Amino acid sequence: MTIKLHNTKSRKKEVFAPIDPDNVRMYVCGPTVYDRAHLGNARPVVVFDVLYRLLRHTYGADHVTYVRNFTDVDDKINARAAESGRSIGEITAETTQWFLDDMAALGALEPNHMPRATQYIPQMITMIGDLIERGHAYAAEGHVLFAVDSWREGYGRLSGRSVDDMIAGARVEVAPYKKNPMDFVLWKPSSDDLPGWDSPWGRGRPGWHIECSAMAYELLGESFDIHGGGNDLMFPHHENEIAQSCCAHPEGDFAKVWMHNEMLQVEGKKMSKSLGNFFTVRDLLEGNWSGGWKVPGEVIRFVFLSTHYRKPMDWTESTAKSAIEELARWYRYPGFMQGNNSEPAEGILTALVDDLNTPEVLKILRDLAKQSAYDELFASLRFLGFSGKWFFDLLPSEETSRRIRKLVSDLDRFRDEKNYAAADELRGGLAAAGVQVRSSKGVSEFSVSPDFDPSKLEAL
Ligand code: AMP
Ligand code: ZN
């Protein structure tokens with residue numbers, strides 16, 4: 001099946017033809033590790049996880065190399081260390097593990113390589129040296145800057161702006177040592193209290209952009225297939241990565257396809273700390289958000305898939321609610337655990353190869369459910385990263401089920417006797433324990449929610 005992907009560079013959906021089908025290579029910009037990942041940070045992780053799964057399915061699991069970095073040298077990390085009195089190493093190690101745990105909860109596969117910036121400082125120094133030698137960078141006052149005038153023909157091509165437009169529109173840091181205000185930092189000096197490495201330009205640390213160029217070169221080579229990230233990174237970060245890589249390695253063309261996911265919003269508004277609608281993935285997993293209930297990672301994944309990655313995505317409690325209900329309904333169909341069919345439905349692949357049309361994927365899953373094609377439904381869910389673990393872990397034991405069934409029949413009896421006060425009280429008690437009861441035509445069914453707590457049944 002031919003994969004088509006929208007390439008930011010050409011602004012077109014293009015047929016994807018890997019440089020080497022035996023080794024399809026993808027780089028995605030990862031997090032800066034100083035705090036818990038917020039829900040927005042999880043969007044590129046899920047988007048590119050779906051692409052990774054599609055590529056593995058198409059080219060073979062051993063023929064795809066996926067790299068996602070950790071930025072563990074950054075002024076935000078230094079500030080966090082200074083204000084908390086903790087060491088930088090402690091903060092970055094802890095935050096890195098949090099990120100891995102949270103993304104695993106979303107059902108994301110780990111990339112093949114997860115390089116940390118601090119492990120690639122010598123490679124960055126070499127690349128910066130090459131850029132100076134080739135006339136694309138200059139040292140001034142302990143800094144090294146990339147000279148955008150040395151590459152006017154290429155700079156701005158990704159975001160579609162000229163250097164002059166960028167100077168007019170951007171809030172660029174003006175500094176006396178810059179030849180052009182658009183020149184950006186490759187290396188900067190570190191005072192004794194800040195992390196620093198010896199270099200030909202004195203003790204210092206890298207600017208933000210050079211790490212991705214150096215790590216992508218080391219792990220994927222001078223040309224590779226796909227580069228991804230959120231569209232907030234397009235300028236300046238990705239523009240600068242391209243400039244560094246293409247000028248240091250003119251024999252290659254860095255990434256052939258650039259993919260950018262749109263931003264995440266909450267209830268129609270930008271997610272931000274000042275609006276109070278800011279939450280981390282962990283907050284959702286633990287029920288620590290405005291909705292107040294524990295959102296299984298898979299439900300976050302499902303909600304993400306409901307919007308195409310190139311559209312702004314709105315997180316609302318009601319989409320999360322319908323996602324959890326829909327997934328739970330599917331997992332209640334017989335045979336998920338026994339299912340050994342591993343091939344997703346054809347329609348799922350047809351939708352994915354069309355620039356990751358995940359809203360269409362969900363439509364097809366619904367059709368499969370409607371047609372009772374459970375085998376295909378389950379194989380497709382597994383392929384898409386849904387393991388159902390949260391649901392099956394929750395299933396009450398035989399004994400607990402018996403106890404709930406007894407309470408539900410008490411509830412029916414109270415209602416028959418028109419003892420509505422007792423019925424309401426019991427229903428409330430069940431809800432507080434995480435048991436929902438649905439009654440129609442005199443038949444009651446129950447289901448348990450992710451915060452089901454059997455101990456709360458005792459008192460009922
Ligand atoms: P950062 O740690 O800010 O560099 O972000 C890590 C990744 O998360 C990058 O790919 C960003 O583009 C992405 N990202 C940050 N905020 C959002 C958001 N609100 N929605 C979607 N992606 C985001
Ligand atoms: Zn990057």
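The structure presented is a predicted model; accordingly, all values stated were derived computationally and were not measured. Whatever order the structure lists ligands and atoms in, that order sets their numbers, starting from 1. No hydrogens, no waters, no symmetry mates; every other heavy atom, side chains included, goes into these values.
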Asker: Is the cationic atom of Lys4 (NZ for Lys, CZ for Arg) positioned less than 6.0 Å from the six-membered ring centroid of Phe16 and within 45 degrees of its normal?
Answerer: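 Output no; distance or angle outside limits.
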Asker: Find out whether the Lys NZ or Arg CZ of Arg68 is both under 6.0 angstrom from the six-membered ring centre of Phe48 and within 45° of the ring's axis.
Answerer: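 Not flagged: Arg68 not positioned over aromatic ring of Phe48.
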Asker: Using the Zn ion (ligand 2) as the apex, give the angle to atoms SG (Cys212) and NE2 (His237), rounded to 10 degrees.
Answerer: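 Between SG of Cys212 and NE2 of His237, the angle at the Zn ion (ligand 2) is about 110°.
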Asker: So Phe70 and Phe99, would you call those rings parallel, tilted or perpendicular, with 30° and 60° as cut-offs?
Answerer: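 Rings of Phe70 and Phe99: perpendicular, over 60°.
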Asker: Got an N, O or S from Glu241 under 2.8 Å of the Zn ion (ligand 2)?
Answerer: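 Yes - counting backbone and side chain alike, Glu241 has an N, O or S atom under 2.8 Å.
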Asker: Which class fits the ring pair Phe378 and Tyr374: parallel under 30°, tilted 30 to 60°, perpendicular over 60°?
Answerer: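 It falls in the parallel class, under 30°.
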Asker: Okay, side chain of Tyr309, backbone of Arg43: is any donor-acceptor separation there less than 3.5 Å?
Answerer: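 Flag not set: sc Tyr309 to bb Arg43 has no pair under 3.5 Å.
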Asker: Just say parallel, tilted or perpendicular for the rings of Phe386 and Phe302, cut-offs at 30° and 60°.
Answerer: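 The rings of Phe386 and Phe302 stand perpendicular, inter-plane angle above 60°.
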Asker: Find all protein N or O atoms under 3.5 angstrom from an N or O atom of ligand 1 and list the pairs with distances, or write 'none'.
Answerer:
| from | atom 1 | to | atom 2 | distance (Å) |
| --- | --- | --- | --- | --- |
| ligand 1 | 2 (O) | Thr32 | N | 3.3 |
| ligand 1 | 5 (O) | Asn41 | ND2 | 3.3 |
| ligand 1 | 8 (O) | Asn41 | ND2 | 3.2 |
| ligand 1 | 10 (O) | Gly230 | N | 3.2 |
| ligand 1 | 12 (O) | Gly230 | N | 3.1 |
| ligand 1 | 12 (O) | Asp232 | OD1 | 2.5 |
| ligand 1 | 20 (N) | Leu264 | N | 2.8 |
| ligand 1 | 22 (N) | Gly40 | O | 3.0 |
| ligand 1 | 22 (N) | Asn261 | ND2 | 3.4 |

Asker: Check for a donor-acceptor pair, side chain of Asp225 on one end and backbone N or O of Pro18 on the other, with a separation under 3.5 Å.
Answerer: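 Not at all, since once roles are kept as given, no pair shorter than 3.5 Å links the two residues.
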